[in-house]
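Below you'll find the structure, written out as structure tokens, and then a few comments.
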There are 2 protein chains.
Amino acid sequence: MIDFVTIKEVKLKLGELCKSKRQSYDMSQEDLAEAIGLSRYTIQKFENGKNATLDTVLKIANHFALLKQLKKAIDKTIEDENNISLY
Amino acid sequence: MIDFVTIKEVKLKLGELCKSKRQSYDMSQEDLAEAIGLSRYTIQKFENGKNATLDTVLKIANHFALLKQLKKAIDKTIEDENNISLY
DNA sequence: TATAATTGTTTATTATAATACACAAAAATA
DNA sequence: TATTTTTGTGTATTATAATAAACAATTATA
């Protein structure tokens, strides 16, 4: 399995997720921006795969109730780190 | 289940994950910084839960081969969005 | 315990994300 | 089709993340 994932790809995916969630809530970019105290331009850029700050990403994730899921994933990754493979 | 997860918590968790991965590879902050072309100060701040850019986070994730896992998680979240609950 | 390595912290500077406008293009809707 | 809404894009300014360098405080190791 030789499928590389690039940083750019992930940024585009994150933007896609934001757009997908936002539309499911019937919100415009303006609505979302206002709801979480960011400018529409920041949302606009994020949804199109541009660089952003962690705070921006997490504010969006928080608004769409994704923080718990994210924390769990991080916890699991840390735990996996400690369990040395038995094989 | 009323367990809130805050943005600050997640940032601290991400820093913890970075430190955990880094140490498992027997790298110092300086080693990691050099390996991915960032300054040690940037790694230092990230590991201690400060704000960072998405690029910084993804460069670190990429170095520890976590991008594929991340992309999968995003894809799954997007898919879940489209599958309206059947219950 | 002395030495070396790593981490934490400070200051000044540079690069860039975020903001606030405005306006055009595109999409939705009346 | 006309009107409204939403999205995309540009420019200038502000806020702040990233860098670089030095030094103190810890932690590891000889």
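Throughout, a chain's letter reflects where its sequence line sits, starting with A, and its residues are numbered from 1.
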Q) Closer than 4.0 Å, any side-chain N/O of B:Q44 to the OP1 or OP2 of C:dT7? A)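 For C:dT7, neither OP1 nor OP2 has a side-chain N or O of B:Q44 closer than 4.0 Å.
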(Q) If you compare every side-chain N and O of B:N48 against the phosphate oxygens of C:dG8 (OP1, OP2), does one of them come in below 4.0 Å? (A)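 Result: yes.
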Q. Quick one: does B:L67's side chain get under 4.5 Å of A:F4's, heavy atoms only?
A.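 Side chain of B:L67 against side chain of A:F4, heavy atoms only: no contact under 4.5 Å found.
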Q) Quick one: does B:Q69's side chain get under 4.5 Å of B:K72's, heavy atoms only? A)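 No, their side chains stay 4.5 Å or more apart.
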Q: Give a yes or no on whether a salt bridge exists between B:E79 and B:K76, defined as a side-chain N under 4.0 angstrom from a carboxylate O.
A: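 Salt bridge between B:E79 and B:K76, a charged N being under 4.0 Å from a carboxylate O: no.
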(Q) Looking at B:E47 and B:R22, is any side-chain nitrogen of the basic one under 4.0 Å from a carboxylate oxygen of the acidic one? (A)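 Salt bridge: yes.
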Q.
Can a donor-acceptor pair be found, under 3.5 Å and without considering hydrogens, that links the side chain of B:N62 to the backbone of B:L58?
A.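 No; zero donor-acceptor contacts below 3.5 Å.
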Q: Check DNA chain D against residues 15-43 of chain A and give the residues with a non-hydrogen atom under 4.0 Å, in numerical order.
A: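 Within residues 15-43 of chain A, the residues near DNA chain D are A:R22, A:S28, A:Q29, A:R40, A:Y41.
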Q) A:D55 pairs by salt bridge (charged side-chain N to carboxylate O under 4.0 Å, His left out) with which of B:K50, B:K11, B:K8? A)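 The option that passes is B:K11.
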Mind calculating the distance between [atom1] ([X]) and [atom2] ([N]) to the nearest angstrom?
X: A:E47; N: D:dG8; atom1: CD; atom2: P; answer: 7 Å
X: A:K11; N: C:dA17; atom1: NZ; atom2: C1'; answer: 12 Å
X: A:N51; N: D:dA18; atom1: CG; atom2: C1'; answer: 11 Å

Polar atom pairs (N or O), protein with nucleotides 25-30 of chain C, under 3.5 Å:
none

Q. Within a radius of less than 6.0 Å around NZ of A:K68, do more than 12 heavy atoms belonging to other residues, nucleotides or ligands occur?
A.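 Check passes, neighbour count above 12.
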Q.
Would B:K21 and B:Y25 count as a cation-pi pair here, with the cationic atom under 6.0 angstrom from the ring centre and within 45° of the axis?
A.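 No cation-pi geometry.
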Q.
Within this structure, what is the CG-NE2 distance for the pair B:L32 and B:H63, rounded to the nearest 0.5 Å?
A.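 B:L32 CG to B:H63 NE2: 6.0 Å, rounded to 0.5 Å.
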(Q) Regarding A:D80 and A:T77, do their side chains bring together a donor and an acceptor under 3.5 Å, going by distance alone? (A)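 Side chains of A:D80 and A:T77: no pair found under 3.5 Å.
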(Q) Can you see whether B:S20 engages A:E81 through a side-chain donor-acceptor pair at a distance of less than 3.5 angstrom? (A)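 Judged by distance alone, the side chains do not pair up.
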Q. Within the structure shown, what part of the strands sits under 4.0 Å from A:K45 by heavy-atom distance: base, sugar-phosphate, or nothing?
A.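 Touches a base.
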(Q) Under 4.0 Å, heavy atom to any atom of DNA chain C: which of residues 53-67 of chain A qualify? (A)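 Result for residues 53-67 of chain A: A:T53, A:T56, sorted by number.
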